[in-house]
Amino acid sequence: MAEHSVDDSAEAGPPIDVPAELTLDILRHSAAHLMASAVVELYPGAQYDVGPATDEGFFYNFRLPEHTHFVEDDLPRIESKMKELAKRRIPFEREVMSRDQARHLFSDLGQPFKVDIIDRMPDDVDSVGIYRTGNFVDLCRGPHVPHSGHLRALKLLRVAGVYWKGDESNEQLQRVYGTAFFDREQLDAFIAQREQARLRDHRRLGVELDLFSFPEEIGSGLALFHPKGGLVRKLMEDYSRQRHEEAGYEFVNSPHITKEDLFKTSGHLQWYADGMFPPMELDGGTRYYLKPMNCPFHILIYASRQRSYRELPLRMFEFGSVYRYEKSGVVHGLTRVRGMTQDDAHIFCSKAQMGDELRSLLQFVLDLLRDYGLSDFFLELQTKPEGKAFGTDEEWAEATDALRAAAVAMDLPLVLDEGGGTFYAPKISVQARDAIGRTWQLSTIQVDFMLPQRFDLHYIEADGTQARPIMIHRALFGSVERFFGILLEHYAGHFPLWLAPVQVEIVPVQDDAPEVLQYAAVLRDTLRAAGLRANVGDKPGARMQARIRDAVKQKVPYVVVVGRNDVERGDGVVNLRVTQTGAQEDVAVPELVQRMVREVAERSSG
RNA sequence: GCCCAAGUAGCUCAGAGGUAGAGCAACGCCUUGGUAAGGCGUAGGCCGUGGGUUCAAUUCCCACCUUGGGCUCCA
């Protein structure tokens with residue numbers, strides 16, 4: 001997933017001695033040097049910036065001379081040059097020199113990025129490490145492999161434009177990504193793993209399974225859900241509604257557009273305008289905005305009349321459609337869209353209730369996510385974004401502490417994301433690992449002291465005085481679209497029975513024998529009467545084998561084959577095929593119904 | 001928004017300065033087959049959109065739209 005921000009720590013410190021063992025990071029960092037070495041040979045005058053190892057491999061940032069730039073087709077050339085250099089077993093030679101000496105060296109070499117790194121080093125650094133690989137010289141604390149012969153399982157992956165030091169206002173450099181492993185087998189496994197990820201890409205599955213599409217006519221980042229996708233989505237939403245109802249939420253609704261004043265009051269126009277679609281202006285000059293969030297609306301519902309302490313906590317839930325103006329380059333399938341539906345709720349409560357409410361809420365979130373088949377979580381605590389938020393540090397600290405306390409009580413790994421909160425509140429993000437180990441940010445829970453102030457919310461305390469409620473903002477799926485995409489990838493399209501758009505495909509062996517078709521129709525109706533989604537294909541002339549294959553490709557969980565033999569035997573036993581494994585067994589219809597109904601009720605993941 | 005690349009039939013892709021092709025899907029006919037593709041045939045395309053160059057553009061150039069990989073940002 002997301003790469004680290006540019007990390008030049010490998011270059012910025014004093015040199016490190018030879019390591020006790022050769023780690024993958026060391027190998028990859030050496031591979032980055034080798035790549036830079038190849039690039040400098042192939043593109044004389046190329047300037048190199050930083051080139052660390054990453055989780056997936058390594059990269060190096062370059063500026064090529066005279067407006068030349070890499071294209072994808074250059075990668076094979078660079079890669080062969082690297083292999084050629086690797087064969088020569090060129091030693092990685094370490095040298096320690098004074099800071100001044102190094103500065104002169106890189107200045108003479110015409111490597112301004114290195115000079116800059118040296119200049120930015122802390123004052124107490126007076127000697128630095130240099131590594132030479134043949135003619136290539138890099139500022140580097142190391143360590144490295146002894147010689148380039150260790151670098152044989154290599155692959156360059158892609159080129160990308162990156163901002164120097166990761167800052168949008170800086171010049172853009174070109175980054176070449178690659179990866180390296182100890183041996184060929186590991187590299188092949190990596191390539192196979194990428195292929196697996198490609199096969200379960202939700203954008204691909206969305207087309208194959210006829211779930212959703214992104215027609216150009218609508219616009220970037222706006223999805224259309226087809227009947228099957230719509231059904232899965234409805235099942236997801238129905239269950240969510242049911243659970244929310246049980247957990248004491250009330251259902252509200254709000255419009256998609258609103259006058260600008262509402263977003264002035266909420267602070268969205270001050271802090272979030274970049275993420276909003278431009279306004280539409282009516283005849284009288286009144287400006288309306290599409291809503292990027294639902295909170296101001298729920299706040300107005302709260303404020304619609306006087307509230308008593310007896311009503312708190314007040315929990316308002318809505319599948320709210322919001323629109324966010326995402327930059328054109330970031331839109332991505334269902335996981336990053338411009339129009340989405342949040343399973344959004346706002347809890348209004350007293351400060352005294354906040355702790356309990358947060359703990360039970362977190363438990364509720366995790367329980368619900370588990371029901372959708374995710375079970376491997378960690379939490380992230382995101383704090384005040386300096387300079388991009390209102391409110392005092394004390395208020396933020398109090399809200400953040402409340403969140404931290406609730407998070408700690410969950411006994412899950414907790415990581416800190418300094419400055420990752422929104423403009424009105426710190427938050428906990430629930431991160432989940434999917435079936436192939438990728439992590440996704442799902443739920444967010446925010447403790448908000450700001451908006452109740454800005455909207456001047458209050459309630460009447462037991463003693464008759466006015467008090468200020470606090471707000472908890474929370475979304476479990478995050479957005480329905482995004483969660484749908486994540487589940488689709490998590491399951492690789494094999495939805496668990498309770499979510500599968502078609503649960504059983506009934507395949508007649510002889511599709512022109514009336515008694516067989518009749519038998520299949522009766523079976524279908526029996527299954528449907530039990531609330532199961534059963535289907536008999538109506539494609540004429542399709543042979544049994546082809547129908548089975550289609551059902552498998554459509555990832556229908558079960559296939560039941562019925563034919564003349566079953567009709568003649570008349571014992572109500574049919575053959576069941578578990579699509580994902582190909583396993584077959586004979587089973588009596590009542591038992592089949594019972595089993596499937598139970599599997600649905602348990603929401604088991606197959 | 002920025003860097004790089006790509007848009008040809010529903011899908012996956014080939015092609016070439018002289019107005020297009022395959023496989024699968026669709027449709028029709030034949031086949032009635034017991035667990036992952038039966039056979040034959042038919043139809044399907046403003047070659048992303050708009051400009052330009054040219055006798056001629058889907059092919060070359062420009063802009064825009066959409067998509068992909070990144071950066072930045074985020075649910």
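Throughout, a chain's letter reflects where its sequence line sits, starting with A, and its residues are numbered from 1.
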If one requires at least 3 consecutive Watson-Crick or G-U pairs with distances under 3.5 Å, the stems of RNA chain B turn out to be B:1-7 with B:65-71, B:10-13 with B:21-24, B:26-30 with B:38-42, B:48-52 with B:60-64
Between [X] and [N], is there a side-chain N or O to OP1/OP2 distance below 4.0 Å?
{"X": "K427(A)", "N": "rA75(B)", "value": "yes"}
{"X": "Y325(A)", "N": "rG1(B)", "value": "yes"}
{"X": "T444(A)", "N": "rA75(B)", "value": "no"}
{"X": "R336(A)", "N": "rA75(B)", "value": "no"}

Flag the pair Y60(A) / F62(A) as yes when their ring centroid distance falls below 6.0 Å, and as no otherwise.
-> yes
is_close_aromatic(F477(A), Y372(A)), centroid dist under 6.0 Å =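 When the ring centroids of F477(A) and Y372(A) are compared, they turn out to be within the sub-6.0 Å range.
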Does a donor on one side chain sit under 3.5 Å from an acceptor on the other, for S254(A) and K291(A)?
->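 K291(A) and S254(A) do have a side-chain donor-acceptor pair below 3.5 Å.
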Examine the side chains of Y325(A) and D274(A) and answer whether a donor and an acceptor come within less than 3.5 Å of each other.
-> no
Sticking with atom [atom1], work out how far [N] lies from [M], rounded to a whole angstrom.
{"N": "rA5(B)", "M": "rC64(B)", "atom1": "P", "value": "15 Å"}
{"N": "rU59(B)", "M": "rG18(B)", "atom1": "C1'", "value": "11 Å"}
{"N": "rA56(B)", "M": "rG39(B)", "atom1": "C1'", "value": "44 Å"}
{"N": "rG33(B)", "M": "rC13(B)", "atom1": "P", "value": "38 Å"}
{"N": "rA43(B)", "M": "rG38(B)", "atom1": "P", "value": "24 Å"}

Do R175(A) and F59(A) meet the cation-pi criteria used here (NZ or CZ under 6.0 Å from the six-membered ring centre, within 45° of the axis)?
-> yes
Taking donor-acceptor contacts at under 3.5 Å, does the side chain of [X] reach the base of [N]?
{"X": "Y163(A)", "N": "rG1(B)", "answer": "yes"}
{"X": "R175(A)", "N": "rC3(B)", "answer": "no"}
{"X": "E208(A)", "N": "rA25(B)", "answer": "no"}

Give the B/S/- string for nucleotides 35-50 of chain B, one per nucleotide from 5' to 3', where a protein heavy atom under 4.0 Å of the base yields B, of only the sugar-phosphate yields S, and otherwise -.
-> BBBB------------
Grab the CG-P distance between D550(A) and rA25(B) for me, whole Å please.
->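 Going from CG in D550(A) over to P in rA25(B) covers 8 Å.
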Taken in chain and number order and not counting sequence neighbours, the residues that satisfy salt bridge (charged side-chain N to carboxylate O under 4.0 Å, His left out) with R200(A) are none
